[in-house]
Amino acid sequence: MLSVPLVVGASFAYLLLLFGVASYGNWRSAQGRSVIDNAWVYALSMAVYCTAWTYFGSVGRAASAGIWFLPIYLGPTLAMVLAWVVVRKMLRIARSYRITSIADFIGSRYGKSPALAGLVTLITVVGIVPYIALQLKAVSVGYAVMTLPAGAQATQAQDWWNDSTLYFALALAAFTVVFGTRRLDVSERHEGMVAAIAFESVVKLLAFLAVGIFVTYGLFDGMADIFARVRAAPELAPLLGDAATFDYGQWFSLTLLAMLSVVLLPRQFQIMVVENVNERHLRRAAWVFPAYLLLINIFVLPVALGGLLLFGSGTMDPEAFVLSLPLASGQHALALLAFIGGLSAATGMVIVESIAVSSMVCNDLVMPLLLRTRRFGIRAQGDLTRLLLRIRRAAIFFVMLLGYGYFHWAGEAYALVSIGLISFAAVAQFAPALFGGMYWRGGTRVGAMAGLLIGFALWTYTLMLPSIAKSGWLPTAFLDDGPWGIQWLKPEQLFGLSGMDNLTHALFWSLSANLTAYVVLSLWRGPTPAETSQALLFVEAFQRNRSTEPVFWRGRAKVQDLLALTTRFVGSVRARHLFEEQARRLGVPTVAQIEPDAQLVRQVEIALAGAIGSASARVMVASVADEDALALEDVLQILDEATRLRAHSIELEEKSASLERATSELRAANAQLQSLDRLKDDFMSSVTHELRTPLTSIRSMAELMADEPDMPLAQRQQFIQIIVTETERLSRLVNQVLDLAKIESGHAQWHNTDIDLGQLLAQAVQTTEEMFRDRGAQVQLALPPQPVVLRADPDRLTQVVLNLLSNAAKFVPATGGKVDITLRTSDAGVQVTIQDNGPGVPAAQHGMIFEKFHQNQDSGGYRPQGTGLGLPISRQIVEHFGGRIWIDPAYGGGARFVFDLPWNTMADTGATDVHTPAPATGHALPPTP
Amino acid sequence: MAQKILIVDDEPNILISLEYLMQREGFDVRVARDGLQAIEAIESDPPDLVLLDVMMPGKTGLEVCQHVRAIERLRHVVIVMLTAKGRETDVAKGLALGANAYVTKPFSTRDLVAQVRTLLQAQA
């Protein structure tokens with residue numbers, strides 16, 4: 001045992017620390033650098049699901065029922081699997097419509113119904129009170145264990161004013177007030193509170209793990225040791241599960257219950273939905289939260305079993321094993337840490353739960369009533385923000401006191417876990433209305449009301465009343481024999497359904513009746529226009545964004561009225577800010593000149609909803625505006641317009657995108673055309689030049705001779721010879737231009753046969769023999785031994801070879817000129833090399849020489865008698881057959897031209913040709929002029 | 001005193017024909033085979049008229065024209081551009097650079113002679 005001052009002092013210090021963390025969170029938020037805009041913080045804050053129940057209740061449950069503590073944590077894990085779909089939709093809806101609580105959500109969905117929101121609030125308050133009591137009980141039990149000698153029973157204080165738990169509850173309420181009710185607009189985040197919750201999640205996890213590790217590895221030799229010993233002890237062995245009698249039904253219902261609760265509990269809804277900063281955080285939370293649950297539960301069973309083994313059953317309260325085990329082993333510091341952990345868990349739950357419930361009570365119970373009174377009602381003036389805050393604070397204290405009351409009068413009788421499960425079953429009644437509302441447009445307010453009422457009634461009858469009776473506050477006769485002796489109406493075996501545990505039984509009846517009533521009544525009378533419009537907004541939340549959302553409002557309003565209304569509830573600063581923004585949107589210079597449209601009214605309503613809930617906001621706005629009642633056709637028409645608008649805007653976007661594409665394509669095509677045009681121009685002017693040059697000589701010579709009939713014969717002969725040569729040149733050029741044009745345009749005729757390439761080369765050499773002899777040059781031909789057969793056009797190939805040979809002849813030196821021709825084969829194809837020992841081609845021109853009309857700028861004034869088209873034509877021919885032609889850059893002794901052809905020339909693939917059968921041995925035909 | 005004409009062209013056969021033509025007409029003819037030779041010849045011994053081919057390797061006729069026109073003392077030299085290119089832009093370019101006339105090939109020998117005489121007379 002520890003001294004009271006120590007325990008109290010440590011607790012106080014911890015609460016101050018939490019306070020500090022919360023303050024830091026608020027300070028950072030005021031600076032604009034939020035600490036909670038972080039996926040880890042969001043995920044950790046979800047762990048507020050683990051309350052003192054985890055610390056004490058789970059261990060107790062494990063000690064009496066083995067693995068049956070698990071479903072409470074399996075449920076949320078499973079729920080997280082669906083989180084990305086379902087919870088994200090809730091986030092989207094809540095963000096769009098400033099939903100502040102689960103009552104607001106349900107009320108808003110079914111036509112902004114105040115009655116429905118009020119009902120949900122009532123059910124929540126009634127359902128959650130036991131859960132708060134559980135936390136208080138856990139803390140008081142823990143405190144007793146810490147400060148009283150071991151084994152001593154804590155005596156319940158008879159007078160409530162003596163009860164330290166009461167003061168603890170009041171202190172917690174005060175703490176909550178400071179952090180939950182700073183400002184009014186609940187949809188502004190409680191940054192400090194969330195930061196503190198995330199912090200305490202870490203603390204409670206670490207503390208529990210510390211105790212778990214201590215027990216498992218300190219007091220025993222690891223988990224295997226514990227389990228072995230348990231199996232050895234006959235009275236404990238059944239705890240580890242008995243496959244034969246496993247109650248699957250109960251397991252299933254507990255898991256389902258937990259799945260629903262992780263979303264529907266007020267504190268969970270608050271943290272997960274209302275306090276969420278960024279939808280994408282949900283992704284990380286979806287695996288971090290289950291991981292957290294796993295970690296915190298790992299040591300539950302070992303601790304429970306260890307306690308049973310060490311203390312034996314029946315002596316020590318198993319729910320306090322987390323504290324009593326370290327205490328008994330003298331580990332006081334560890335025990336204190338564990339107590340702080342438990343305290344932390346309880347505190348977190350109470351704070352968030354009471355904030356959530358108080359906002360519901362304020363917005364959905366108190367406000368609607370207040371607004372009906374003259375003093376605060378519609379026509380009243382005055383800033384209501386202060387009043388609302390005070391109502392919230394009062395609600396927090398009220399809820400806390402209710403919880404204390406339940407603890408004081410009914411808490412003794414029941415184990416903690418059972419109390420908690422009753423609360424779970426209460427909030428589970430929201431499931432049909434909530435989830436149905438999110439996915440089914442046909443759900444109506446009447447159906448939701450009926451479902452909730454029936455479910456709640458059955459819950460009360462089958463769970464709540466029996467629990468009170470079992471605590472001794474009601475006669476138990478009606479439990480055993482049914483009310484007024486009617487056996488069929490026994491609360492725990494309604495209509496004769498027996499064989500289930502009471503929780504499964506209660507769940508079965510309440511949920512099935514709830515769901516049935518919801519569906520039947522919704523179908524019986526269809527939704528009203530208001531419900532339809534809300535249904536559309538909710539169910540299709542993902543399909544619309546703010547700009548394309550339909551606004552289901554028609555009417556007129558005055559801007560002064562709206563401004564005054566907004567100021568009343570959210571304060572003048574924020575009201576002004578909102579209206580100035582709207583003025584900007586409408587393009588109007590001052591607020592006073594605004595002509596309110598549906599969008600503005602909607603924004604006003606949403607702003608108010610953040611302060612007083614959707615239902616009250618609706619009422620207030622309706623009071624200042626002159627509204628047209630919307631019939632169903634109007635709703636559909638508005639929806640239609642919005643859909644068309646959206647389709648139109650999508651169409652516009654697509655059109656502009658495709659327009660952009662078309663423009664860029666056009667630009668590219670234009671650029672290409674221009675460059676082709678330029679090429680054509682260059683080609684044309686080159687051809688013109690090349691044609692006109694010989695023509696000039698021919699004409700001049702002819703004219704000179706014509707003008708001088710008595711020109712000397714020798715002179716005349718010279719001129720005539722020049723004319724002949726130039727004519728030849730001219731016709732050669734014309735032929736080549738035509739040839740090139742034909743090949744390039746694909747109109748050339750190719751006469752492909754099987755050729756022996758070696759023979760073709762030999763014949764070419766023979767043809768040019770004389771030319772080389774004239775130049776005094778030597779020609780050498782190197783061929784492989786076997787014939788090299790290819791399919792191609794022999795004339796064209798010969799053309800290429802002759803072109804290369806004549807180039808060589810042009811550039812070979814005057815003396816000692818040498819030309820080498822080589823034919824090589826490889827796996828890919830054949831390669832022909834023709835090299836000379838002339839001046840070679842400068843590296844810079846290696847690419848250019850294959851361009852039309854480019855001619856080697858020979859120094860020394862010698863101008864080669866070429867047309868400048870030989871190499872381009874050769875290239876076209878070689879490439880036509882799928883090969884390449886190039887000049888070898890590495891050869892320095894002159895010019896070395898190489899071309900290769902694949903074994904499967906394009907001729908083989910059967911492209912384009914005119915096929916003329918030819919003799920097997922390809923004769924070399926005379927070269928084309 | 002016979003007037004001096006310089007003929008510049010990289011095509012040997014055209015040089016032959018023009019040389020024969022101008023000599024027949026009584027001019028004192030010199031030849032140059034490319035732009036550099038032309039500039040050298042003009043600067044060293046300025047002729048009265050230059051028949052200048054445009055398309056030449058190295059320095060083109062347009063460059064030669066530009067070069068010569070930049071020299072003050074050679075302003076009097078008549079420059080006639082000869083070219084196989086006949087596009088309007090080329091004509092405009094040549095005249096803008098200071099050529100006195102622009103003749104496209106193939107030309108009529110008679111017309112060429114007549115134009116040469118006219119230009120020389122105008123210069124005188």
Side-chain angles (χ1 to χ4, degrees), chain A residues 678 680-712 714-730 733 845 848 853-868, chain B residues 7-26 29 31-38 40-41 51-62 80-91 93 102-114 116:
Chain A
R678 247 179 289 123
K680 195 175 66 106
D681 264 351
D682 290 343
F683 180 64
M684 284 309 292
S685 74
S686 303
V687 168
T688 322
H689 182 269
E690 293 300 312
L691 290 176
R692 283 178 171 169
T693 304
L695 276 176
T696 310
S697 309
I698 295 171
R699 181 175 179 175
S700 303
M701 301 281 169
E703 284 183 356
L704 286 171
M705 285 194 294
D707 283 345
E708 209 179 306
D710 53 347
M711 190 186 279
Q715 184 68 58
R716 192 178 281 272
Q717 283 302 106
Q718 187 201 16
F719 280 6
I720 289 177
Q721 189 52 50
I722 289 176
I723 290 178
V724 168
T725 316
E726 292 293 312
T727 312
E728 283 177 351
R729 177 177 162 195
L730 189 57
L733 179 70
Q845 293 183 10
M848 298 276 291
F853 294 126
H854 173 92
Q855 285 189 284
N856 203 355
Q857 311 295 334
D858 201 28
S859 56
Y862 175 72
R863 194 159 181 275
Q865 286 293 313
T867 56
Chain B
I7 307 180
V8 185
D9 201 310
D10 58 328
E11 275 282 340
N13 289 337
I14 295 182
L15 271 182
I16 294 173
S17 59
L18 280 174
E19 194 181 14
Y20 189 90
L21 175 67
M22 289 304 155
Q23 277 179 339
R24 192 188 70 184
E25 295 298 317
V29 177
V31 300
R33 289 203 157 74
D34 63 50
L36 285 172
Q37 280 186 5
E40 235 180 80
L51 288 176
L52 184 55
D53 180 29
V54 171
M55 293 298 291
M56 288 191 290
K59 281 217 183 285
T60 67
L62 291 170
V80 177
M81 317 228 49
L82 293 173
T83 185
K85 284 197 175 183
R87 288 189 299 187
E88 278 190 19
T89 47
D90 302 302
V91 175
K93 231 193 281 179
Y102 201 95
V103 175
T104 48
K105 307 176 189 172
F107 44 79
S108 149
T109 48
R110 234 171 258 183
D111 291 343
L112 182 64
V113 169
V116 164

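Below, chains carry the letters A, B, ... as their sequence lines are ordered, and counting in each starts from 1.
Contact check for Tyr20(B) versus Ser700(A): no side-chain heavy atoms found under the 4.5 Å cut-off. Under the 4.5 Å side-chain criterion, counting only non-hydrogen atoms from C-beta, Leu21(B) is not in contact with Glu703(A). Residues Thr109(B) and Arg699(A) are not in side-chain contact: their nearest non-hydrogen atoms beyond the backbone lie 4.5 Å or more apart. At a threshold of 4.5 Å between non-hydrogen side-chain atoms, the residues Glu726(A) and Asn13(B) count as touching.
Considering all non-hydrogen atoms of both residues, Thr693(A) and Ala84(B) come closest at OG1-CB, 4.4 Å.
Taking OG of Ser17(B) as the start and CD1 of Ile698(A) as the end, the distance is 11.0 Å to the nearest 0.5 Å.
With salt bridges taken as basic N to acidic carboxylate O contacts below 4.0 Å, none links Glu11(B) and Arg692(A).
Every residue meeting the salt bridge (charged side-chain N to carboxylate O under 4.0 Å, His left out) condition with Arg110(B), not counting sequence neighbours, appears here in chain and number order: Asp707(A). Annotation: side chain to side chain contact (heavy atoms under 4.5 Å, CB included) contacts of Pro712(A) (sequence neighbours excluded): Glu708(A), Gln715(A).
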